Number of protein chains: 2
Amino acid sequence: MVDPTPFLDALARAGLRLTAPRRALAQLIADQAGHFSAADLVAESQARSLGIGRATIFRTLDALSGLGVVERIDLPSGEHAYVGCAPTHHHHVVCSRCGRTAQIDDAGLRTVVREVAQRTGYRVDEHKLELFGLCPACLPAAPFPLQRPA
Amino acid sequence: MVDPTPFLDALARAGLRLTAPRRALAQLIADQAGHFSAADLVAESQARSLGIGRATIFRTLDALSGLGVVERIDLPSGEHAYVGCAPTHHHHVVCSRCGRTAQIDDAGLRTVVREVAQRTGYRVDEHKLELFGLCPACLPAAPFPLQRPA
DNA sequence: GCCATACTGAGACTCAGTCGCATCACGCCC
DNA sequence: GGGCGTGATGCGACTGAGTCTCAGTATGGC
């Protein structure tokens, strides 16, 4: 993604202002190839001399993730990262080498959730599935799994 | 769980020493009804005047999670928490009200993972599924979903 | 019982994320 | 086009989780 308009559209549709820092950040996020952290954006904005405050970056990420156009993911390392995405219910496969992500829809998870609910007696209100591995581009370079296969 | 021996066994089997702080922490963790944070253990150990340092608590949690008898989960709020569990591949359903967790095995997720791999072309090496909702005990008290149903 | 060494507590440190506040500028309205 | 209310901003101080270092301690193999 290199086009920042989805982010700006989402802000506008939510009645939020399209300020210069937000436009710049939308572009910055759109330019990210894979997942990125708040710190990445801070560094990048400093590198490009955008003059955007740290707090503003966190606030904007917060706003965008509230709108569903940016999602926060928890990497296996325990770090937090963000990815730009469509505001629909979905999950991510994350490449552990290049950080690129692919969006996936339900993919049969609904059945799993229903089964878990039946077995445990819990009412499941929310779920989070994250998959980690290697993207097609990185696969040839690393023929052996880095972690236990899932 | 009120019996700390699984934690101690795991430490011993890994060739780690069974020190007084580790025994005390194993008991503390065994006493937890639901999920707990490192900060909870710090507070509890201060309350019980166990004299265990913060660093030791983090180190012990690290060791136990490395052995698979304690697992780190990411709550929807973004906080980290830990749960005691069996050292086998599994996932958790977490009660958003009382924090109690239930352990679930594959439950058909293997099929989902295989399908995702096929659709995206990624090789999936690792996955993480977390489910949040209400446990059977808390269900009667809260008839309506707090979050969007999954 | 001895001893190598794994483990410990204390406290300083780092780093992500938050908060308060004075100032700025977006965008609605005239 | 200009005025104005208010949402957004930057700054910098703050918080809290987690890490690191280091000297001292105690475990458990012999």
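In what follows, chains carry the letters A, B, and so on, assigned in the order in which the sequence lines appear, proteins first and then strands, with residues in each chain numbered from 1. Just so you know, these numbers come straight off a predicted model, no measurement behind them.
Whole-Å rounding puts the I52(A) CD1 to dC24(C) C1' distance at 15 Å. Rounded to an integer number of Å, the gap from D62(A) CG to dA8(D) C1' is 14 Å. To the nearest angstrom, C1' of dG17(C) lies 15 Å from CG of D74(A). We find that CG of L50(A) is positioned 13 Å from P of dC11(D), with the value rounded to whole Å. The CD-C1' distance, from E79(B) to dA17(D), rounds to 11 Å in whole Å. Whole-Å rounding puts the D40(A) CG to dC15(C) P distance at 14 Å. One atom, NE2 of H80(A), and another, C1' of dT18(C), lie 15 Å apart when rounded to the nearest Å. Atom P of nucleotide dA17(D) and atom CG of L41(B) are separated by 12 Å, given to the nearest angstrom.
Using a 4.0 Å cut-off between a side-chain N of Lys or Arg and a carboxylate O of Asp or Glu, D62(A) and R72(A) do not qualify as a salt bridge. A salt bridge is absent between D74(A) and K128(B); no separation between the charged side-chain nitrogens and carboxylate oxygens falls under 4.0 Å. The residues R48(A) and D31(A) are annotated as salt-bridged, a charged nitrogen and a carboxylate oxygen being separated by less than 4.0 angstrom.
Residues of residues 54-61 of chain A that place a heavy atom closer than 4.0 Å to DNA chain D, in numerical order, are A55(A), T56(A), R59(A). Contacts between residues 63-72 of chain B and DNA chain D, defined by a heavy-atom separation under 4.0 Å, are absent.
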inquiry  = I'd like to know whether L134(B) forms a side-chain contact (heavy atoms from CB on, under 4.5 Å) with Y122(A), so could you lay out the CA-CA distance, the side-chain angles of the two residues, the decisive distance to 0.1 Å, and finally the verdict.
reply    = CA-CA 5 Å; L134(B) 290 176; Y122(A) 275 61; over 6 Å; no
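Using a 4.0 Å heavy-atom cutoff across all strands shown, G78(A) reaches no nucleic acid atom at all.
For H80(A) and H35(A), the ring centers sit 6.0 Å or farther from each other. Between H127(B) and H91(A), the ring center distance fails the sub-6.0 Å criterion.
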Could you write out each protein N or O paired with an N or O of nucleotides 28-30 of chain D at a distance under 3.5 Å?
residue, atom, partner, partner atom, Å
dG28(D), OP1, L18(B), N, 2.7

